[in-house]
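Start at 1 and go down the list; that is how both ligands and their atoms are numbered.
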Amino acid sequence: MKNIFGYKYEKLEEELLSINEKKFRARQIYEWLYIHKEYDFNKMTNLSKELMNKFHNHFKTDLIKIKKTQESLDTIKFLFELLDGNLIEAVLMKHNYGNSLCVSSQVGCNIGCSFCASGKLKKIRNLETYEMTEQILLVEDYIKERIDSIVIMGIGEPFDNYDNLMNFIRIINHPYGLAIGARHITVSTCGIVPKIEEFANENLQVNLAISLHAPNDKLRSSIMKINDVYNIDTLIKSIKAYITKTNRRVTIEYVMLEHINDSLKEAEELGNLLKGMNVYVNLIPYNETNSINYKKTSQNQINKFYEHLQKMGINVTVRRELGTEIDAACGQLRANEVE
Ligand code: SAH
């Protein structure tokens with residue numbers, strides 16, 4: 001028996017056919033779950049009693065639980081307890097253009113970036129598709145509002161859980177359900193090159209963000225050990241191929257670590273590396289954590305770095321800091337729960 005929130009539409013149709021039911025039931029089920037937010041088959045009133053029972057016995061509808069929330073002015077951090085007791089987090093950000101939810105893709109993370117507190121807990125397991133979908137459903141239910149955009153930048157490396165990630169994206173993007181537009185979905189990866197290539201072939205308008213964080217191999221390897229597997233040259237080649245294939249602009253994330261990667265020499269190198277590519281650089285002010293020694297770059301230095309890139313003709317923005325006061329910012333998730 002599988003959880004209903006893990007079925008992408010076509011899979012649900014197949015499943016229904018396999019139990020001798022009509023394909024169009026998939027649309028009814030999707031609308032109940034994702035539009036009416038009715039998760040009890042016995043209350044899906046356009047189904048016969050017999051069908052209600054059959055579906056009830058065939059699909060699980062278990063939900064993960066909200067264990068704790070922490071709110072600040074424009075952010076809510078959700079701690080979820082999974083059915084097996086594992087904990088993950090998601091963060092709601094209220095922007096003036098709508099609600100955005102940052103979801104987790106794994107319990108823990110194996111990438112081991114030196115500056116990231118979320119990754120201090122080694123990966124315990126991948127999230128199942130339904131566990132990703134339910135993060136959205138539970139938050140929508142909690143805030144009684146719709147979520148407009150999704151960033152897959154919580155705990156975990158999404159491309160290390162590729163199949164479940166793709167299922168999840170297809171579920172939330174489906175027009176009969178949550179219908180979150182592909183352009184409102186962003187996947188962030190540390191740069192798993194073979195998966196970037198696969199992603200390019202998915203024929204989706206989903207945004208791709210790459211955690212680059214350094215303009216040369218020596219520096220990048222010293223803060224992101226994944227660089228020893230896929231170095232900058234390999235990574236940049238795969239990003240270029242992705243852009244050629246999809247015609248989509250890619251986001252380059254660059255976390256600003258004081259005296260580590262934030263000098264104008266690095267800005268210059270970064271500008272040269274990215275010159276002519278259809279990318280924009282998102283400078284991320286570092287969120288300091290108790291357990292890690294890096295310091296955040298001063299606003300003044302961020303501005304200089306920003307201006308230098310701009311002068312070189314690179315599109316660049318600085319990420320707005322949200323959630324720092326409740327440890328809900330990038331790289332801070334679950335750090336406090338673990339200790
Ligand atoms: N594993 C994925 C997505 C999760 S992290 C990835 O690597 O892209 C989302 C972003 O936050 C990444 O760019 C990550 O490098 C960055 N980040 C991690 N720790 C941070 C911190 N303490 N302050 C600011 N950004 C951080």
Side-chain angles (χ1 to χ4, degrees), residues 75 77 88-91 93 100-123 126-127 132 135 150-162 164-165 168-169 185-193 195-196 199 206-214 219-220 222-227 229-230 235 238-239 250-258 260-262 270 279-297 302 317-336 338:
T75 341
K77 179 163 77 163
I88 54 160
E89 288 185 340
V91 179
M93 293 161 282
S100 174
L101 187 69
C102 174
V103 300
S104 291
S105 58
Q106 299 180 317
V107 181
C109 182
N110 268 353
I111 304 298
C113 302
S114 63
F115 49 84
C116 178
S118 306
K120 282 196 98 185
L121 175 77
K122 289 290 144 253
K123 176 170 112 178
N126 283 330
L127 289 192
M132 290 189 253
Q135 292 173 55
I150 298 292
V151 295
I152 304 148
M153 296 191 186
I155 303 161
E157 166 49 46
F159 279 179
D160 183 36
N161 185 13
Y162 191 82
N164 292 344
L165 169 78
F168 164 67
I169 290 176
I185 303 173
T186 303
V187 179
S188 176
T189 177
C190 64
I192 316 263
V193 167
K195 296 300 171 191
I196 296 174
F199 197 62
V206 170
N207 305 308
L208 178 64
I210 306 281
S211 295
L212 186 64
H213 304 328
L219 184 53
R220 192 165 191 264
S222 74
I223 55 177
M224 297 178 74
K225 57 184 171 49
I226 190 74
N227 196 65
V229 187
Y230 308 109
L235 179 56
S238 81
I239 299 170
V250 168
T251 304
I252 302 293
E253 295 165 282
Y254 196 98
V255 62
M256 302 288 292
L257 305 166
E258 187 172 57
I260 304 281
N261 65 354
D262 64 349
L270 183 63
V279 294
Y280 92 93
V281 176
N282 193 206
L283 298 177
I284 312 177
Y286 181 62
N287 300 304
E288 296 177 3
T289 56
N290 295 336
S291 48
I292 302 176
N293 268 332
Y294 294 110
K295 291 278 168 266
K296 95 196 272 166
T297 298
I302 294 182
T317 54
V318 179
R319 183 176 290 177
R320 221 181 113 208
E321 289 176 85
L322 281 178
T324 38
E325 64 283 26
I326 53 170
D327 284 340
C330 316
Q332 297 185 322
L333 298 184
R334 259 205 79 186
N336 294 338
V338 177

Under 4.0 Å from ligand 1, counting heavy atoms only, is it the side chain of [X], its backbone, both or neither?
X: Thr189; result: backbone
X: Glu253; result: side chain
X: Ile284; result: side chain
X: His213; result: side chain

At the 4.0 Å heavy-atom cut-off, does [X] count as touching ligand 1?
X: Ala117; result: no
X: Met224; result: no
X: Cys109; result: no
X: Ile111; result: no

For [X], counting its heavy atoms only, list the atoms of ligand 1 lying under 4.0 Å from any of them.
X: Val255; answer: 24 (C), 25 (N)
X: Ser211; answer: 6 (C), 7 (O), 8 (O), 12 (C), 13 (O), 15 (O)
X: Gly154; answer: 4 (C)
X: Glu157; answer: 1 (N), 2 (C), 6 (C), 7 (O)

Contact summary for [X] and [Y], nearest pair of heavy atoms:
X: Ile185; Y: Val206; answer: O-CG1, 3.4 Å
X: Asn110; Y: Lys122; answer: OD1-CD, 3.6 Å
X: Ala214; Y: Tyr254; answer: N-CE1, 3.6 Å
X: Tyr230; Y: Gly191; answer: CD1-O, 3.4 Å
X: Ser105; Y: Asn161; answer: O-ND2, 3.0 Å
X: Ser100; Y: Val151; answer: OG-CG1, 4.3 Å

Have a look at [options] and point out the one with the heavy atom closest to [atom].
atom: atom 22 (N) of ligand 1; options: Ile223, Asn287, Thr289; result: Asn287
atom: atom 1 (N) of ligand 1; options: Cys190, Gly191, Gly156; result: Gly156
atom: atom 3 (C) of ligand 1; options: Ser105, Cys116, Cys102, Ser188; result: Ser188

Item checked: N or O contact, Arg319 vs ligand 1, cut-off under 3.5 Å ->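 Not met; the criterion fails.
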Can you check whether [X] reaches [Y] side chain to side chain, under 4.5 Å on heavy atoms?
X: Ile260; Y: Leu219; answer: yes
X: Tyr286; Y: Ile292; answer: yes
X: Glu288; Y: Lys295; answer: yes

Check: Is Lys123 paired with Glu157 through a side-chain N to carboxylate O contact shorter than 4.0 Å?
Finding: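 Salt bridge between Glu157 and Lys123, a charged N being under 4.0 Å from a carboxylate O: no.
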